[in-house]
Amino acid sequence: QLIKKSKKSKLSKKEIKQLNDELFKKYCRCIKTLKKSKNKKIKEGKYGICMNSIYKRRDIVPPYNASRRCGQFYNYN
């Protein structure tokens with residue numbers, strides 16, 4: 001809903017923060033699932049695959065060092 005709204009009109013600061021937090025969680029969850037993949041090509045390209053599917057296809061600028069920040073907030077063990 002927020003993604004559609006951001007395309008049409010300007011979001012408030014609270015809505016922008018909420019959208020960024022949710023996309024970041026989605027990105028980290030994507031990396032976590034692809035890390036467990038048995039396919040070598042998918043496992044090696046997990047950062048690019050997740051970045052494209054979460055941020056680039058929605059025309060949203062990704063946060064700086066998003067993949068490194070995932071390791072700080074979430075355990076991949």
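Computed from heavy atoms alone, side chains included, the values below leave out hydrogens, waters and symmetry copies.
Counting Ile, Leu, Val, Met, Phe, Trp and Tyr side chains that sit under 4.5 Å apart, directly or through other members, V61 stands alone, with no cluster partners.
In this structure, the side chain of E15 engages the main chain of S12 through a donor-acceptor pair within 3.5 Å.
For S37, the side chain to side chain contact (heavy atoms under 4.5 Å, CB included) partners are N39, I42, not counting sequence neighbours. A search for salt bridge (Lys or Arg N to Asp or Glu O under 4.0 Å) contacts involving K26 returns nothing, not counting sequence neighbours. Scanning for side chain to side chain contact (heavy atoms under 4.5 Å, CB included) contacts around Q18 gives L2, with sequence neighbours left out. For K43, there are no side chain to side chain contact (heavy atoms under 4.5 Å, CB included) partners two or more places apart in sequence or in a different chain. For K17, the side chain to side chain donor-acceptor pair (under 3.5 Å) test picks out D21, with sequence neighbours left out.
For the atom pair NZ of K35 and SG of C70, the computed distance is 9.0 Å after rounding to the nearest 0.5 Å. Residue R58 holds its CZ atom at 8.5 Å from CG of L19, rounded to the nearest 0.5 Å. One distance of note links CG of N20 with CD of E22; it measures 10.5 Å at 0.5 Å rounding. Interatomic distance, I60 CD1 to L23 CG, rounded to the nearest 0.5 Å: 5.0 Å.
Within the 4.5 Å cutoff, the side chain of P62 has no heavy atoms near those of the Y27 side chain. Residues Y55 and C50 fail the side-chain proximity criterion, which asks for heavy atoms closer than 4.5 Å.
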Evaluation steps, side-chain contact (heavy atoms from CB on, under 4.5 Å), between R69 and F24: CA-CA 9 Å; R69 285 184 29 214; F24 182 67; 3.7 Å; yes
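Both I54 and Y47 are part of a single hydrophobic cluster, where members link through side-chain heavy atoms under 4.5 Å apart.
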